[in-house]
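Here the structure is laid out as structure tokens; the discussion comes afterwards.
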2 protein chains.
Amino acid sequence: MSRNYAGLSRERIIVEALHIISGRGLGGLSMRRLGDALEVEAMAVYHHFPLGKEQLFNAIAAYVTSPSPTGTALGAEAAEEEGRDTEEGGPDSVEVVDPGPWDARLTDWARVYRARLLEYSGALSLLVHRAPRTEADTATRALVHGAFTEAGLSGDDVERAADALYSYCVGAVIHEVRHRDDEDAPDGAEREVRFRFGLRSLLRGLTAADA
Amino acid sequence: MSRNYAGLSRERIIVEALHIISGRGLGGLSMRRLGDALEVEAMAVYHHFPLGKEQLFNAIAAYVTSPSPTGTALGAEAAEEEGRDTEEGGPDSVEVVDPGPWDARLTDWARVYRARLLEYSGALSLLVHRAPRTEADTATRALVHGAFTEAGLSGDDVERAADALYSYCVGAVIHEVRHRDDEDAPDGAEREVRFRFGLRSLLRGLTAADA
DNA sequence: ACCTGAACACCGTTCAAGT
DNA sequence: ACCTGAACACCGTTCAAGT
């Protein structure tokens with residue numbers, strides 16, 4: 001058992017780390033435990049994340065906030081850490097036009113985003129001090145910017161509305177996770193109702209004509 | 001130097017811990033370092049927090065979310081952990097009537113809450129999986145409930161609006177902390193403008209007549 | 001390039017002991 | 001009651017070495 005080509009990769013490591021986090025919490029993730037789960041010596045992880053646990057945490061944060069399970073965030077995040085530029089070609093090069101009216105686009109995005117954050121709720125606290133610049137993040141900005149512009153906002157108000165939307169979404173998921181074990185906590189269905197209620201209200205307030 | 005009546009207390013420990021967190025981050029807080037800062041052996045902390053670091057974290061979370069610096073949360077949190085009831089007399093026994101219209105009351109509360117979370121931003125991630133039941137928390141609920149009722153909401157909508165408000169406030173602070181070191185990050189004044197913009201919009205949307 | 005294994009400094013916590 | 005000090009199991013990370 002000397003040589004061990006375990007086929008380790010950044011993504012396999014991240015997925016296994018998230019599995020541990022989901023089972024034992026963020027504090028339960030140790031490099032040694034991660035190595036065990038990957039059937040590898042703990043130090044092997046350092047070959048893929050030379051900067052150690054902090055770099056792994058950044059990668060997890062990027063992974064969690066990127067909608068695609070195959071992890072488009074991996075390349076971008078690796079480039080970021082080593083000082084390279086992102087591999088993205090030109091600006092607006094992938095300008096995907098979503099179908100439907102602006103509010104449906106925003107609501108759909110929010111629903112997907114919430115679902116993903118809830119799926120990896122154990123890693124949520126990693127996001128408080130980390131805002132990884134992923135492809136998914138740029139795509140989201142374009143989508144939200146376009147939607148609010150279409151809704152009639154302009155100038156600084158577009159940025160302000162976008163910030164309010166992001167704030168509400170991550171805040172709502174955190175509020176949900178924080179309170180889901182309270183004695184009088186609402187069930188899953190009602191929690192989703194509340195999320196959509198708040199979202200609808202916020203969008204209405206953001207796009208109503210100013211007094 | 002055998003005997004050492006250091007005059008340790010839960011509050012002194014919490015304040016010192018927050019000082020360390022503020023300087024070196026949450027990961028920089030160790031029991032040994034905390035002991036050093038308090039000029040005491042690390043193990044002395046365990047006499048005041050017998051359940052260890054997790055209990056200390058809970059106490060910090062309660063302290064941070066309680067507006068009074070003297071920490072009204074301390075007693076409530078201690079009671080909670082040891083299974084005692086809170087010392088609160090009857091329901092609605094302290095029904096304080098705030099002055100001003102409902103939206104001013106909510107805006108004032110939000111401004112104070114945001115300021116406190118920003119002051120202890122290093123401890124923010126502790127709140128993601130902790131919702132300590134403090135006196136401040138009960139008072140806030142009464143205030144918010146009353147304000148939204150006065151605004152014309154009724155039934156489940158009051159709870160839903162309250163959840164949306166909490167969600168927005170903690171989400172906004174987290175969004176602010178997450179992005180304040182971005183290259184193109186807005187300055188402090190603009191960040192406050194954005195917070196109030198989003199808050200105003202949310203309140204307007206929450207209390208507008210349904211379509 | 002990819003992984004091992006020993007080593008080092010540090011950590012949370014227990015426990016018996018001191019005053 | 002309040003604090004000490006030694007001890008134990010565990011941790012992140014470095015480094016030299018193996019293939």
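Chain letters run A, B, ... following the sequence lines, proteins first, then strands; residues in each count from 1.
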Do any N or O atoms of the protein come closer than 3.5 Å to N or O atoms of nucleotides 10-13 of chain C, and which pairs are they?
unit_1, atom_1, unit_2, atom_2, d
C:dC11, OP1, B:S30, OG, 3.3
C:dG12, OP1, B:M31, N, 3.4
C:dG12, OP1, B:K53, NZ, 2.7
C:dG12, OP2, B:M31, N, 2.8
C:dG12, N7, B:R32, NH1, 2.5
C:dG12, O6, B:R32, NH2, 3.0
C:dT13, OP2, B:Y46, OH, 2.8
C:dT13, OP2, B:K53, N, 3.0
C:dT13, O5', B:Y46, OH, 3.4

Closer than 4.0 angstrom, basic N to acidic O: yes or no for [X] and [Y]?
| X | Y | result |
| --- | --- | --- |
| A:E190 | B:R160 | yes |
| B:E176 | B:R114 | yes |
| A:E16 | A:R12 | no |
| A:D163 | A:R141 | no |

Atom CD of B:E41 and atom P of C:dG18: how far apart are they, to the nearest Å?
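It is 16 Å, rounded to the nearest whole Å.
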Write down the distance between NE2 (A:H47) and P (D:dC15), rounded to a whole number of angstrom.
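A:H47 atom NE2 is separated from D:dC15 atom P by 16 Å.
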Can you tell me if [X] uses its side chain to pair, donor with acceptor, with the backbone of [Y] under 3.5 Å?
| X | Y | answer |
| --- | --- | --- |
| A:R32 | A:A42 | no |
| B:T138 | B:T134 | yes |
| B:Y168 | B:L203 | no |

Fill in the dot-bracket string of DNA chain D, one character per base: . for unpaired, | for a pair to another strand, ( ) or [ ] for pairs within the strand, taking Watson-Crick or G-U pairs under 3.5 Å.
||.|||||...|||||.||
Can you tell me if B:H48 touches the phosphate of D:dC3, counting only side-chain N or O atoms and a distance under 4.0 Å to OP1 or OP2?
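Answer is yes, contact under 4.0 Å.
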So A:T65 and A:D137, side chain to side chain contact (heavy atoms under 4.5 Å, CB included) or not? Walk me through it.
CA-CA 8 Å; A:T65 48; A:D137 184 59; over 6 Å; no
